[in-house]
Amino acid sequence: LIFMRDFAHDMTQISTFEGYIGWTHHLFYSLTGAVGLPLLLAAGFGLGLSFFRREARFFPMAFFVLAYYVVLCVCSQEHDRYVLPLIPFLCFFAAHGVLTLSGTGVRKNLYLTVLLSVCVLPSLVKTVLCNQLLARKDVRTLALEWTQAQIPGGSKIALDVPFFMPRLKPTLEQLAEKEREIRLTGRKADLKRVQWLEEAAARDPVPRYQLYFMDEDLNGFMFSKPRIHYDMGELRSRGIEYVMMTKMSGNHQTAFYEELKSRAQLIMRFSPYKNPFIDRPISRIALTAAPFLWRELIARERNGQVIEIFRLNRAA
């Protein structure tokens with residue numbers, strides 16, 4: 001009960017991050033990429049068949065699929081994870097379609113085996129490829145281990161988009177500052193979390209850093225603060241010593257990145273791709289979780305995005 005206010009606040013604020021996506025994005029990107037075109041076509045056939053035959057027992061699931069897809073198009077985000085609730089129902093309708101197509105003749109089992117193999121094989125191969133990536137160290141883990149071994153504790157580090165950065169530990173002073181700020185907001189869930197972090201920090205001997213999170217408008221989650229601009233002058237005034245950057249797309253902070261390259265030294269680069277010349281996600285949508293498109297899975301040797309670590313020159 002003590003967290004209900006925090007829960008209600010987060011639920012009402014999430015709508016500010018969602019909007020109209022278009023009627024085809026999740027169909028051709030998320031669903032086709034997630035289950036494969038054969039299974040999606042079979043699901044569409046089975047769904048249409050249930051309406052054509054007026055199979056009333058299937059109507060509740062069919063209406064959910066259609067209604068949820070409308071919601072995805074009108075009020076959602078581009079990320080593929082938003083279609084996850086649809087997948088069990090699509091598998092059901094795909095099975096309905098496949099059973100119908102296999103018929104009732106003497107070759108039913110043969111047709112059924114072939115159709116099921118065609119539907120399942122793309123997802124099976126993708127699952128194997130994805131599991132191989134997840135079984136290896138993530139790029140963020142490699143960057144974390146290198147940083148803790150090579151950068152002295154207490155150093156000031158500016159981080160790009162938090163989703164794609166290593167999970168570095170903030171200093172005890174920064175945790176105490178977060179606790180003071182949270183007490184002013186009255187958010188009990190965040191307060192409990194930061195207290196847990198402070199207790200764990202007392203027992204955890206790993207190096208800790210003064211972390212700063214770069215942002216365009218200085219908004220962000222409580223645990224990705226303090227925020228600073230993508231600005232070399234501000235980095236210098238704060239005494240930032242290192243900067244970690246990623247490339248979510250070809251136009252992500254291009255001007256700042258070019259200035260950073262000219263005024264700082266690139267000391268380490270971590271890439272998830274087999275081809276070292278790939279410097280940004282192959283998918284046009286920045287992946288906050290595991291990749292699922294064929295071209296991403298085939299090109300990678302691990303999960304995560306490219307991370308570049310720069311050391312600022314004293315005169316930068």
Side-chain angles (χ1 to χ4, degrees), residues 21 24-49 61 65 68-69 72 76-103 107-142 163-164 246-249 270-307:
I21 301 301
T24 59
H25 168 75
H26 282 299
L27 178 64
F28 293 113
Y29 174 77
S30 305
L31 289 173
T32 303
V35 300
L37 185 59
L39 192 146
L40 188 60
L41 290 174
F45 175 73
L47 182 64
L49 194 66
M61 289 186 291
V65 169
Y68 187 80
Y69 187 78
L72 284 179
S76 179
Q77 295 183 22
E78 290 186 308
H79 300 292
D80 55 286
R81 61 181 179 271
Y82 281 76
V83 304
L84 285 174
L86 286 179
I87 291 179
F89 298 95
L90 293 179
C91 289
F92 172 84
F93 283 111
H96 181 43
V98 165
L99 286 172
T100 302
L101 289 173
S102 62
R107 295 187 176 181
K108 174 184 177 180
N109 289 339
L110 174 62
Y111 294 151
L112 183 62
T113 300
V114 172
L115 289 171
L116 284 176
S117 299
V118 171
C119 288
V120 171
L121 190 60
S123 295
L124 178 61
V125 175
K126 277 190 173 182
T127 299
V128 172
L129 292 175
C130 188
N131 285 343
Q132 288 177 339
L133 294 181
L134 296 177
R136 303 173 188 137
K137 286 186 177 181
D138 190 287
V139 169
R140 287 161 288 195
T141 302
L142 296 179
F163 282 121
F164 309 121
T246 187
K247 288 187 179 179
M248 302 191 320
S249 63
F270 299 92
S271 174
Y273 294 106
K274 300 171 185 175
N275 183 348
F277 295 102
I278 297 177
D279 64 353
R280 67 199 62 178
I282 295 174
S283 170
R284 71 174 184 84
I285 298 173
L287 303 173
T288 56
F292 75 110
L293 297 180
W294 281 111
R295 56 186 182 273
E296 281 279 2
L297 289 168
I298 294 173
R300 287 171 171 266
E301 58 183 4
R302 64 185 74 252
N303 195 28
Q305 304 298 349
V306 173
I307 297 175

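Hydrogens, waters and symmetry mates are skipped; everything else that's a heavy atom, side chains included, is used. Owing to the predicted nature of the structure, the values given are computational and were not obtained by experimental measurement.
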Find the distance between CD1 (I282) and CG (L297) and round it off to the nearest 0.5 Å.
9.5 Å
Within a strict 4.5 Å, meaning less than it, do heavy atoms of the L134 and R302 side chains meet?
no
Nearest 0.5 angstrom please: S76 OG to Y69 OH, how far?
10.0 Å
Q132: side-chain hydrogen bond (donor to acceptor under 3.5 Å, both in side chains) partners, not counting sequence neighbours:
none
Looking at residues at least two apart in the chain, or sitting in another chain, which of them share a side-chain hydrogen bond (donor to acceptor under 3.5 Å, both in side chains) with Y273?
E296, R300
Which residues pass the salt bridge (Lys or Arg N to Asp or Glu O under 4.0 Å) test with K137, not counting sequence neighbours?
E145
Any residue meeting side-chain contact (heavy atoms from CB on, under 4.5 Å) with E78, in chain and number order, not counting sequence neighbours
I21, H25, R284, I285
Using the salt bridge (Lys or Arg N to Asp or Glu O under 4.0 Å) criterion, which residues pair with K247? Sequence neighbours excluded.
D279
What pair of heavy atoms forms the shortest contact from A34 to S123, and how long is it?
O-OG, 3.8 Å
Gap separating the CG atom of L47 from the CE atom of M61, nearest 0.5 angstrom:
10.0 Å
Listed by chain and number, what are the side-chain hydrogen bond (donor to acceptor under 3.5 Å, both in side chains) partners of S30, not counting sequence neighbours?
H26
Set of residues satisfying side-chain hydrogen bond (donor to acceptor under 3.5 Å, both in side chains) with respect to R107, sequence neighbours excluded:
none
For I298, is there any backbone N or O sitting under 3.5 Å from a side-chain donor or acceptor partner on K274?
yes
How close do V98 and A42 get, counting heavy atoms only, and between which atoms?
CG2-CB, 4.2 Å
Checking D80 now: which residues fulfil salt bridge (Lys or Arg N to Asp or Glu O under 4.0 Å) with it, not counting sequence neighbours?
none
Counterpart residues, salt bridge (Lys or Arg N to Asp or Glu O under 4.0 Å), relative to R140 (two or more places apart)
D138
Sorted by first residue and then second, give each ring pair (Phe, Tyr, Trp, His ring centres under 6.0 Å) pair with at least one member in residues 279-303; sequence neighbours left out.
Y29-F292
Determine, stepwise, if the pair L39 / V118 fulfils side chain to side chain contact (heavy atoms under 4.5 Å, CB included).
CA-CA 8 Å; L39 192 146; V118 171; over 6 Å; no
Atom pair CG/CG of L101 and L115 - distance to nearest 0.5 Å
6.0 Å
Interatomic distance, NE2@H79 vs OH@Y82, rounded to 0.5 Å, equals 7.0 Å
Using side-chain contact (heavy atoms from CB on, under 4.5 Å) as the criterion, list what pairs up with L37, not counting sequence neighbours.
T32, L41
For V83, the option from V35, L90, L31 that meets side chain to side chain contact (heavy atoms under 4.5 Å, CB included):
L31
Could you measure the distance from the OG1 atom of T141 to the CZ atom of F270? Nearest 0.5 Å is fine.
10.5 Å
Among pairs that include at least one residue of residues 90-100, which meet side chain to side chain donor-acceptor pair (under 3.5 Å), considering only residues two or more places apart or in two chains?
E55-H96
Side chain to side chain, P291 and N303, heavy atoms closer than 4.5 Å:
yes
Minimum heavy-atom separation for V306 to R280, with atom names?
CG2-N, 4.4 Å
Given side chains that start at C-beta, do those of Q305 and P281 come closer than 4.5 Å, heavy atoms only?
yes
